[in-house]
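Structure, as structure tokens:
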Amino acid sequence: MTSPNYMYGRRNARSVTRSTPDHLQYSPSSSYSDASTVKKQQNPLAAAAKSLAGVFVACFTPPEPTSSTNYGDSGPPSVVSDGSRDRRRSSGRGTIYGSPQNSTRGRIKFTMDEIYKATRNFSPSSKIGQGGFGTVYKGRLNDGTFVAIKRAKKSVYDKHLGVEFQSEIRTLAQVEHLNLVNLYGFLEHEDERIVVVEYVPNGTLREHLDCMHRDVLDLATRLDIAIDVAHAVTYLHMYTDHPIIHRDIKSSNILLTENFRAKVADFGFARLAADAESGATHVSTQVKGTAGYLDPEYLKTYQLTDKSDVYSFGVLLVELVTGRRPIEPKRELKERITARWAMKKFSEGDAISTLDPRLERTPVNNLLLEKILELALQCLALRRQSRPSMKQCVEILWGIRKDCKEIAGSDFRSFSSNSRSTSVGEG
């Protein structure tokens with residue numbers, strides 16, 4: 001397989017953005033959240049896994065691209081740099097990075113009359129989600145386009161909601177990527193704050209892992225979803241005009257199209273990263289995120305870096321292969337923190353016991369499981385310097401996919417593309 005290195009171009013020079021330290025504070029996530037807090041110990045590959053101790057401690061649903069694409073055999077898509085901004089080019093899976101010059105996304109300001117009409121006066125039957133930020137409704141615009149309409153809580157007491165609203169608008173207006181939700185517009189009117197984004201009809205990753213849609217996602221599809229998410233976060237970290245840290249990577253913030261392409265959503269906690277070109281290594285800020293996915297180093301020092309997203313991605317990888325939530329309070333004590341439990345099993349040579357019991361134990365699945373847990377262990381390193389970058393995660397995941405395809409031969413393609421899921425009622 002061709003190395004993914006050629007995908008990536010250069011980013012424009014950026015100005016430094018820093019913030020002053022705040023008090024440690026958890027803010028409710030605007031998505032469905034998974035509970036609790038975590039911690040971790042060392043980092044190296046196998047020995048350290050045993051002592052992983054831990055800080056492991058929205059939702060809107062966005063439209064499917066008109067033409068579905070898949071990876072094919074040629075590896076990751078390529079990118080052409082136009083000298084000022086990375087532009088996208090189709091290859092195998094579809095377009096990936098960049099923003100068309102004629103794009104009008106994020107520039108539409110809706111009126112309340114349009115919002116009322118789209119949601120049928122915020123009818124309860126249009127409600128599709130509820131989170132810390134507010135309520136999400138499915139709406140239909142005048143041109144027939146289905147959208148997700150996110151209505152903030154009308155709370156005069158929660159000043160953080162206004163900050164999160166502005167953060168989400170700012171971030172979504174400056175990014176465009178196949179694996180990020182698309183912003184259609186927004187509205188601020190008196191005490192109303194509304195964000196309008198694309199509607200993705202197939203629910204969240206967490207819902208599918210919980211089999212709320214009846215089907216069980218096969219492991220090859222879960223790998224493809226991980227690759228999608230890794231591409232999206234790499235774009236945020238490396239290919240926007242100024243690096244962006246998402247701060248809330250989790251399964252309930254990952255939306256799936258009907259062809260199981262993943263889109264990362266919910267930018268209420270997003271922050272501009274420190275500018276490495278200026279010599280800055282981190283941004284000092286209050287802690288925000290979702291319990292179970294929080295970087296222990298960020299939690300301890302208030303120092304936010306792109307490696308905090310890498311840590312959350314490591315938790316997500318464990319979630320994908322085990323099917324479990326990051327925190328399982330009803331399980332026995334040694335299994336309550338899923339990442340810690342899985343890393344311990346992996347280091348003991350018993351990775352197979354962590355595999356989602358709804359998945360088959362096949363040679364391909366066994367290889368996928370081992371390789372994905374090995375990457376998760378690196379992402380979950382206690383010290384951020386020991387974690388890979390998201391770009392490295394992309395490259396490793398593509399390598400895993402290539403290795404599994406070689407073992408499975410032609411079966412892998414149908415396994416990962418045509419048979420995305422199996423019914424819970426089957427077998």
Side-chain angles (χ1 to χ4, degrees), residues 1 64-65 68-73 75-76 92-94 179 200-232 250-252 254-264 313-326 338 342 345-346 351-376 393-394 396-427:
M1 185 187 75
E64 165 109 73
S68 61
T69 54
N70 50 44
Y71 288 113
D73 304 327
R93 180 152 193 199
N179 302 120
V200 178
N202 204 11
T204 69
L205 172 59
R206 187 61 254 172
E207 290 170 357
H208 282 273
L209 293 177
D210 287 338
C211 292
M212 292 175 63
H213 298 261
R214 286 191 51 81
D215 292 335
V216 178
L217 292 177
D218 62 53
L219 197 53
T221 299
R222 299 185 196 196
L223 173 62
D224 282 353
I225 289 169
I227 292 173
D228 279 348
V229 175
H231 274 306
K250 61 180 181 180
S251 58
S252 57
I254 297 165
L255 309 171
L256 301 179
T257 71
E258 290 173 338
N259 287 331
F260 296 96
R261 296 276 65 85
K263 289 178 177 280
V264 176
F313 184 70
V315 177
L316 179 70
L317 289 175
V318 173
E319 199 173 352
L320 280 166
V321 297
T322 65
R324 298 187 182 189
R325 292 173 179 265
T338 300
K345 289 291 186 182
F346 174 65
I352 192 63
S353 67
T354 69
L355 183 66
D356 188 332
R358 292 163 292 196
L359 297 174
E360 284 187 85
R361 294 189 177 190
T362 64
V364 174
N365 276 353
N366 291 350
L367 177 63
L368 277 172
L369 175 66
E370 292 276 352
K371 295 288 188 180
I372 292 173
L373 287 181
E374 184 177 338
L375 175 58
C393 291
V394 169
I396 292 169
L397 288 168
W398 272 104
I400 293 171
R401 194 179 193 282
K402 175 179 178 289
D403 291 344
C404 290
K405 185 177 182 300
E406 288 175 351
I407 289 179
S410 59
D411 290 340
F412 184 79
R413 185 162 192 173
S414 60
F415 176 51
S416 62
S417 299
N418 300 329
S419 303
R420 291 291 180 185
S421 55
T422 54
S423 172
V424 173
E426 290 178 1

Going by ring pair (Phe, Tyr, Trp, His ring centres under 6.0 Å), name the pairs with one or both residues in residues 351-375, residues two or more places apart or in two chains.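 The answer is none; no pair qualifies.
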
I'd like to check the salt bridge (charged side-chain N to carboxylate O under 4.0 Å, His left out) partners of Lys371; sequence neighbours left out, ordered by chain and number.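 Per chain and number, Lys371 pairs via salt bridge (charged side-chain N to carboxylate O under 4.0 Å, His left out) with no residue.
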
By salt bridge (charged side-chain N to carboxylate O under 4.0 Å, His left out) - contacts of Asp403 (at least two apart):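 Testing Asp403 for salt bridge (charged side-chain N to carboxylate O under 4.0 Å, His left out), a comparison that skips the adjacent residues, returns none.
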
Apply side chain to side chain contact (heavy atoms under 4.5 Å, CB included) to the pair Asn365 and Asp218, showing each step before the final yes or no. CA-CA 9 Å; Asn365 276 353; Asp218 62 53; over 6 Å; no

Return the [atom1] to [atom2] distance between [X] and [Y], rounded to the nearest 0.5 Å.
X: Glu370; Y: Ile400; atom1: CD; atom2: CD1; answer: 11.0 Å
X: Glu207; Y: Leu255; atom1: CD; atom2: CG; answer: 9.0 Å
X: Arg361; Y: Leu369; atom1: CZ; atom2: CG; answer: 9.0 Å
X: Leu205; Y: Thr221; atom1: CG; atom2: OG1; answer: 11.0 Å
X: Leu320; Y: Leu209; atom1: CG; atom2: CG; answer: 6.0 Å

How far apart are the closest heavy atoms of [X] and [Y], and which atoms are they?
X: Ile225; Y: Phe260; answer: CG1-O, 3.9 Å
X: Ser252; Y: Thr204; answer: O-CG2, 3.6 Å
X: Ser353; Y: Lys345; answer: OG-CD, 3.6 Å
X: Ala232; Y: Val264; answer: CB-CG2, 3.8 Å
X: Leu316; Y: Val229; answer: CD2-CG1, 4.1 Å
X: Ala342; Y: Thr322; answer: CB-CG2, 4.5 Å

Regarding [X] and [Y], does a basic nitrogen lie under 4.0 Å from an acidic carboxylate oxygen?
X: Arg206; Y: Glu319; answer: yes
X: Asp210; Y: Arg325; answer: yes
X: Asp228; Y: Lys263; answer: no

Please test Arg261 against Asp224 for side chain to side chain contact (heavy atoms under 4.5 Å, CB included), starting from the C-alpha separation and ending with a verdict. CA-CA 8 Å; Arg261 296 276 65 85; Asp224 282 353; 3.5 Å; yes

Exam field: side chain Arg324 to backbone Thr338, donor-acceptor pair closer than 3.5 Å: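 Checking the backbone N and O of Thr338 against the side chain of Arg324, no donor-acceptor pair under 3.5 Å is found.
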
Between Phe346 and Thr354, does a side chain to side chain contact (heavy atoms under 4.5 Å, CB included) hold up when you go through it step by step? CA-CA 8 Å; Phe346 174 65; Thr354 69; over 6 Å; no

Can Leu317 and Ile372 be said to form a side chain to side chain contact (heavy atoms under 4.5 Å, CB included), step by step? CA-CA 7 Å; Leu317 289 175; Ile372 292 173; 4.0 Å; yes

Is there a side-chain contact between Val364 and Leu219, using heavy atoms and a 4.5 Å cut-off?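 No, their side chains stay 4.5 Å or more apart.
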
